[in-house]
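The sequence lines fix the lettering, A, B, ..., with proteins before strands; numbering per chain opens at 1. Source: prediction; values computed, not measured.
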Amino acid sequence: MHLDGLKVSAIIAAAIISFLVITPLAWLMFGSFWSKSPGIAGELTAANYVNAYSDPLSYVALFNSLIYAVGATTVAFALGVPLAWAIVRTNTPFRRFFEVAVILPYMIPGILYAVAWVFLLSPKTGLVNIFLMRTLGLGGAPFDIFTMPAMIWVDGLTGVPLVFLLLSAVLRNQDVTLEEAALIAGSNKFELLRRITLPIIRPAILAALMLSLTRYLELFEVPAIIGLPSGIYVTTTLIYRKIESVPPNYGGGTALAVTLLAISITLVYLYRLLTRRAERFTTIVGKSKKASTLDIGRWRYAAFAYCLTIFIVAGILPLLMLTLGSVLPYWGILSFESLPEALSKASFKHFDLAFSLTIVRRGLVNSFFLAVVGATVAMILVSFVGYITTRATFRGRGVLEALSFTPFSVPGLVMGVGILWAYVTLPIGIIGTVWVLMLAYITRFMPYGLRAVTTNIVQIHRELEEASRVAGASWLKTFRHIMTPMLRPGIVAGWIFLSIIFLREVSTSILLYQSGSEVLAVAAYSLFNDNKWEAVSALGVVMTGITLLLNVVARKLAGSTAVAV
Amino acid sequence: MVSTNLSIVVSVIALLVAAGGITYASIRLGDIDSVNSNLVSKVNSISSDVTSLKSQIGQLGQQQADRLKAVEAELAERKAREALIDAARKEGKVTIYTSQTIEQMEALKKRFEATYPGITMEFIRALGGPLTERLQTEFAANKRVGDVVQGSQEDFVVYKERGWLEKYLSPELKGIPDIYKDPDGMNVAARIPFYVVGYNTKLVTGVDVPKTWDDVVNPKWKGKFSIGDPFVHPSTLVWFDAMKQVLGNKWANFVTQMRALNPRLQVSLTPVVKQIVTGEVSIGLTLTSSMFPELAAGNPVAVAPVEPLVALPNKIAILKNSPHPNAAKLYFDWFLSDATMKFLAEFGDTVSKGYAPDAYAKYIPSVKYTVRALTERESDALKKEMGLPWN
């Protein structure tokens, strides 16, 4: 009986995912083999690939992309894993505060986060450089933002919240009986961490690794703001260059994007290979105890200092720059001497300008709607898909998972084109409305939600569902009453994450919005292109505030006991 | 003998008399002739007077008729205009694709909607490739949104080639020099910003302010100069093309020297201004339209007196078979009207009807060149010649 429910749900979920993913991708693949833009008479050709891959710059960019992705992932993990463990599992002071606080870097709109770091680390005007040169009496600037390591550093910081969110749900659900056993057996706490905790959260770490690598391969803002002026090309900025030209060379851009696609599909495959024997990672069983807080003694002060440092460096410093930028007369040379004078001229006129614009006012409504409703719809969908890909034993579930992951690795601009082509030709009148944006966001960012729930599902032992089934409950009922409460941490983590992303998405929206369906991030991007950095900063401060609010409300609604992140 | 002599004398006299008579007669006859001819000429002149009077009378009639016609034409035009406004009002909406700033467009929207109540003006700020892609999809799928398109001259080559533009001979075209008009009436350059060298007034003062193109590529600006990336940004590339005319055989050297400055390359010329204002660089090449908001805000940037200068026309056109064709025409006329052009000038635009903001007025005589649109092959050749990409 329950199998029928599962099968039907599986078929429905598979159908939805396939439709969402395959339609735009089919257009993209077609476009990459077409001599003109799809829609114009042309012919099938391999010229796009030949041209794209005979350009030596393509290889330089790809190599840079790999260094960039690996580098930024390393930074994000080196900082994020200890952070997640300290906040979720130990008695570090103020950890409830840090739970929200460490997500801050991700709430700041991407372009502005990069700009803020330019103002901190620029060799000429960077405040950190000026400060260090002054206090240490250095002859030259110790940091240069316009280099690959600086790019890696800045984007590595934006990845810390991702690592934190993905791992904290798992750490929280972890069965402590194993740890207790280890402690009884005489392990010390570091041994415990190394030999019990880390292996248990391995699937979650692998999933986060995979997501992180793919994300950095696709990411655009930091390479554009910092990389382009310094001549450091990565594949996405190279694609951007092809697409920005008139007439746009989408065929060439798509041909390049296919490499990124291939890499990320390989990563999904590797991940599945490594987590194939899912039972090994089961940690929530019927008789398990919920994770308790580990007393790490005096080390908790060190952990506190660590959390605080990351919070300040990754979140507060850039946000401070942003706030300054939004109230000072203009973004300009800030020396410590000129600051008091500039501050005396501070005003809210940039806020007034920003919120007098129609596009901003409409964007406020639309973005809020997309963040709340879009993230909810997405999480309902991925909970089913996540359950099916980990639990059901039909053939092709691996394909389904890979499929759901594919759009994520296609750069946003390119994916926007595929979605535009797909929905403009379909006889459903959603093109130019917020609904097409919602579909686009769900299609692109499904993997975030999916990762959050699947790592969670993998941990839950089948015996709970089996018990429910034996008791005569249908599959749906089991899913509703057994799985959903257990999945709550993962679902909440995914929801928070998706709502943040939906609020800041730019590259896909740019092609899809129309008058009436403007979103905040696009308004910010357009204002940025108009040189209205001050108004964008004002917008950024407000957007950060909205995200923070959503985050807090989501936690409250999720209930304090089940709060995941 | 005597009689013979007498007869001779008489004969002579007779001859003389005859000769005299003949002479007299001939003289008299001549008189009559002259009188006659006088009379004829008088008659002629009278008749010509009559003709001229007649024609004058005719002309007066014609003028009257012309005047009447003009009045009629004006009435017809006014009627057509009323009809256009009525039709536009029935359509209720006009959608503009534009590369102008959001701030400018919002101000224009307010003015347009105040002038023509009942017609909503929507705009979508889109640029370059993504805009072309939107248009491409709209036309291919026949799901049309945009009515009017405004943007860089280079992009309009593609638009026209692909048959996306509608011919429209707006009554507002008069007063715009022919060089700014498309020969087929499919678009017109309205805003004509020009390329200028800007500098940070806090970092660059006195003799350091560049005065010639040689000063601009002086090695002292190494790492302190910013420009759009000519490899990526078409409007920067066409500037280099135009500079060939400005610099002649010094051009190649100019390019080499500029490259040696290790310039901060931006995605367009707009962020260059920001780089200058923030002090990331000291000088840079930008556009008057991009610089104006910073000038108006009193931020530390100024135009360096480097001449001669090159203009970059920015065009406007109606899209073929647009969803609101009448509102499109109405907007087009309104945009090119003196009132709107003057308003744009207040916003920092130099326009093809001759208005310019005070800040730029003195540079207008130095704007002696205009960029030309390059074909793909010409672009590629130029990029190769310049050794692009530079980084």
Taking atom types as modelled, find out whether B:Asn314 and B:Gln100 have a side-chain donor-acceptor pair closer than 3.5 angstrom.
no

Heavy-atom pairs under 4.5 Å with chain A, option from B:Gly223, B:Pro300, B:Ser152 with the top count
B:Pro300

Segment of A:Lys242 engaging chain B (4.5 angstrom heavy-atom cut-off):
neither

Side chain, backbone, both or neither: which part of A:Val417 has a non-hydrogen atom closer than 4.5 Å to chain B?
side chain

Check this for me, if you would: do A:Glu518 and A:Arg362 make a salt bridge, where the nitrogen-to-carboxylate-oxygen distance has to be below 4.0 angstrom?
yes

Atom group of B:Glu376 that falls short of 4.5 Å from chain A, counting heavy atoms:
neither

So what's closer than 4.5 Å to chain A heavy atoms on B:Lys143: side chain, backbone, both or neither?
side chain

For B:Phe156, is it the side chain, the backbone, both or neither that has a heavy atom under 4.5 Å from a heavy atom of chain A?
neither

At a 4.5 Å cut-off on heavy atoms, which part of A:Asn529 comes close to chain B: side chain, backbone, both, or neither?
both

What residue, out of B:Val158, B:Thr270, B:Thr132, B:Thr95, has the most heavy-atom pairs lying under 4.5 Å from chain A?
B:Thr270

B:Phe347 ring center near B:Phe292 ring center (under 6.0 Å)
no

Region of B:Gln266 that comes under 4.5 Å of a non-hydrogen atom in chain A
side chain

Checking heavy atoms, do the side chain of B:Pro234, its backbone, both or neither come under 4.5 Å from chain A?
neither

Which atoms of A:Leu353 come close to chain B, meaning under 4.5 Å heavy atom to heavy atom: side chain ones, backbone ones, both, or neither?
side chain

Name the member of B:Lys109, B:Arg162, B:Glu154 that forms the most heavy-atom pairs with chain A at distances under 4.5 Å.
B:Arg162

